[in-house]
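Take a look at the structure below.
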Amino acid sequence: MKLIRYSVHTGSENMKIDSDLLDECIENRVKEPIFRLYGWNPMCISLGRNQKEHFQVQNIDVVRRITGGRALLHDNEITYSFVAPISEIPNGENVAGSYKYISGILIEFFRTIGIQLDFGGSKKVSAKNDYCMLISTGADVCFNGKKLIGSAQCRKNGYILQHGSILFDYDKCFLENLFNEKIEGITSVKEVLPKFEKKYLVEKLEDFIQNY
């Protein structure tokens with residue numbers, strides 16, 4: 001697996017990098033999976049591909065993803081993207097199976113640092129849930145039933161792009177005010193391992209991916 005090491009960009013830059021990475025893999029018929037890590041500066045709201053745009057928040061950038069889902073605030077997190085041919089992923093034609101294979105890589109990693117994660121079960125989605133992390137699907141990665149990693153996926157010309165948010169820390173009051181809804185059922189790396197620093201987590205994850 002090829003690793004693209006952690007770097008920080010604006011929201012529009014990050015979405016362009018992911019989109020260009022997918023297109024380059026398709027054009028060059030790349031077989032080796034690519035795993036990219038990145039951050040956001042300044043904080044940014046990303047909207048799902050088909051989501052109606054209604055977020056106009058002062059001093060917060062808004063961008064659109066090429067993947068589905070609802071709005072997500074990108075702030076104190078580690079974001080990943082994974083690109084590979086569908087044929088290179090076990091059971092890749094099955095959407096749920098491909099989610100679980102790719103997200104399973106992250107579950108394996110977190111096990112190495114002492115965090116036992118598993119997949120969340122699906123539940124009925126409320127129309128009120130604008131904040132993507134509040135929506136539970138079978139592709140979620142959870143700690144003790146609380147969502148820690150949310151992911152989204154798109155498929156194009158025989159390739160998969162999956163990217164997702166690994167929540168490192170969050171401001172509950174800020175999120176509730178921003179999305180005008182109660183924030184519950186999520187957790188963060190900082191809540192699970194309070195002494196863990198983001199820089200160290202990135203380094204450990206890069207080492208894991210490089211040797212995967």
Side-chain angles (χ1 to χ4, degrees), residues 3-27 34-84 95 98-99 102-103 106 125-137 139-141 147-157 159-181 183 186 188-189 198 201-202 205:
L3 169 68
I4 299 178
R5 291 185 175 275
Y6 182 85
S7 57
V8 177
H9 305 275
T10 66
S12 59
E13 288 170 342
N14 273 325
M15 295 300 89
K16 186 176 188 305
I17 291 170
D18 273 358
S19 180
D20 288 350
L21 184 61
L22 175 60
D23 287 342
E24 288 168 10
C25 286
I26 292 169
E27 182 179 354
I34 298 174
F35 200 104
R36 173 181 172 239
L37 294 170
Y38 55 96
W40 308 68
N41 188 28
M43 72 170 67
C44 179
I45 293 173
S46 73
L47 305 176
R49 179 179 60 243
N50 300 315
Q51 184 180 9
K52 182 178 179 181
E53 187 167 0
H54 63 277
F55 282 93
Q56 294 181 348
V57 185
Q58 189 175 8
N59 299 323
I60 300 181
D61 288 346
V62 177
V63 297
R64 188 167 295 279
R65 303 188 301 272
I66 61 173
T67 56
R70 301 194 187 185
L72 185 62
L73 177 70
H74 303 280
D75 186 16
N76 197 357
E77 66 175 64
I78 300 165
T79 313
Y80 79 92
S81 61
F82 177 98
V83 180
V95 173
S98 63
Y99 266 114
I102 298 165
S103 297
L106 294 170
V125 175
S126 169
K128 297 178 180 179
N129 289 144
D130 282 324
Y131 181 45
C132 190
M133 289 293 281
L134 297 183
I135 299 172
S136 178
T137 73
D140 296 337
V141 177
K147 191 170 178 177
L148 178 67
I149 305 172
S151 301
Q153 190 180 106
C154 72
R155 293 168 175 241
K156 184 177 179 181
N157 296 349
Y159 279 73
I160 290 176
L161 165 69
Q162 180 172 309
H163 54 194
S165 170
I166 304 169
L167 198 57
F168 185 78
D169 200 4
Y170 65 99
D171 184 328
K172 185 174 185 288
C173 290
F174 181 76
L175 284 174
E176 289 183 337
N177 289 331
L178 180 62
F179 291 100
N180 193 30
E181 55 189 325
I183 301 300
I186 66 174
S188 67
V189 175
K198 184 191 286 187
L201 180 64
V202 169
L205 181 51

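Since the model is a prediction, treat every value here as computed from it, not as a measurement. Side-chain atoms are counted along with the backbone in the values below, which use heavy atoms only and exclude waters and symmetry mates.
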Ile78 side chain reached by Val189 side chain, heavy atoms, under 4.5 Å = no
query = Any side-chain heavy atom of Ser12 within less than 4.5 Å of one from Asp61?
reply = no
remark   = What one should report as the nearest heavy-atom pair of Cys154 and Arg49 is CB-NH1, 3.9 Å
inquiry  = Test of understanding: with salt bridge (charged side-chain N to carboxylate O under 4.0 Å, His left out), list the residues that count as partners of Arg155, not counting sequence neighbours.
reply    = none
query = Within the side chain of Arg65, is there an N or O that forms a donor-acceptor pair under 3.5 Å with the backbone of Arg70?
reply = yes
inquiry  = Strictly distance-based, threshold 3.5 Å: is any side-chain N or O of Tyr6 a donor or acceptor partner for the main-chain N or O of Leu205?
reply    = no
request  = Assess whether side chain to side chain contact (heavy atoms under 4.5 Å, CB included) is satisfied between Lys198 and Asp169, documenting all intermediate values.
outcome  = CA-CA 9 Å; Lys198 184 191 286 187; Asp169 200 4; over 6 Å; no
request  = Determine yes or no for a side-chain-to-main-chain donor-acceptor pair under 3.5 angstrom, with Gln162 supplying the side chain and Phe82 the backbone.
outcome  = no
request  = Taking the side chain as every heavy atom from C-beta outward, state whether Ile149 and Tyr80 have any atom pair closer than 4.5 Å.
outcome  = yes
request  = Give, for atom CG of Leu21 and atom CD1 of Ile26, the distance between the pair rounded to the nearest 0.5 Å.
outcome  = 10.0 Å
query = Within the side chain of Arg64, is there an N or O that forms a donor-acceptor pair under 3.5 Å with the backbone of Ser46?
reply = no
key: Straight-line distance of Thr79 OG1 to Ile166 CD1, nearest 0.5 Å   = 7.5 Å
ask   = If you measure from OG on Ser188 to CG on Leu167, what distance do you get to the nearest 0.5 Å?
value = 5.5 Å
message = When you compare the side chain of Ile45 with that of Val62, does any pair of heavy atoms fall below 4.5 Å?
response = yes
Heavy atoms of other groups near Lys16 NZ, more than 12 under 6.0 Å = no
inquiry  = Run Ser151 and Ile102 through side chain to side chain contact (heavy atoms under 4.5 Å, CB included) and show every step you take.
reply    = CA-CA 10 Å; Ser151 301; Ile102 298 165; over 6 Å; no
ask   = Can you find a pair of side-chain heavy atoms, one from Leu201 and one from Phe168, that are under 4.5 Å apart?
value = yes
message = Would you compute the distance between atom CD1 of Ile4 and atom OG of Ser81 and round it to the nearest 0.5 angstrom?
response = 6.5 Å
ask   = Side chains of Met15 and Ile66: closer than 4.5 Å at any heavy-atom pair?
value = no
note = Here the pair of heavy atoms bringing Val83 nearest to Tyr159 is CG1-CD2, 4.4 Å
query = Can you tell if the side chain of Leu161 reaches within under 4.5 Å of the side chain of Lys156, non-hydrogen atoms only?
reply = no
query = Are the side chains of Asp171 and Asp75 in touch, meaning some heavy atoms are under 4.5 Å apart?
reply = no
ask   = Which of these passes side-chain hydrogen bond (donor to acceptor under 3.5 Å, both in side chains) with Asn14: Arg36, His163, His9?
value = Arg36
Flag if over 12 foreign heavy atoms under 6.0 Å of CG, Asp20 = yes
query = What is the distance from atom CD1 of Ile183 to atom CZ of Phe174, rounded to the nearest 0.5 Å?
reply = 11.0 Å
inquiry  = Let me confirm one number: the OG1-CG distance from Thr67 to Asn50, rounded to the nearest 0.5 Å.
reply    = 10.0 Å
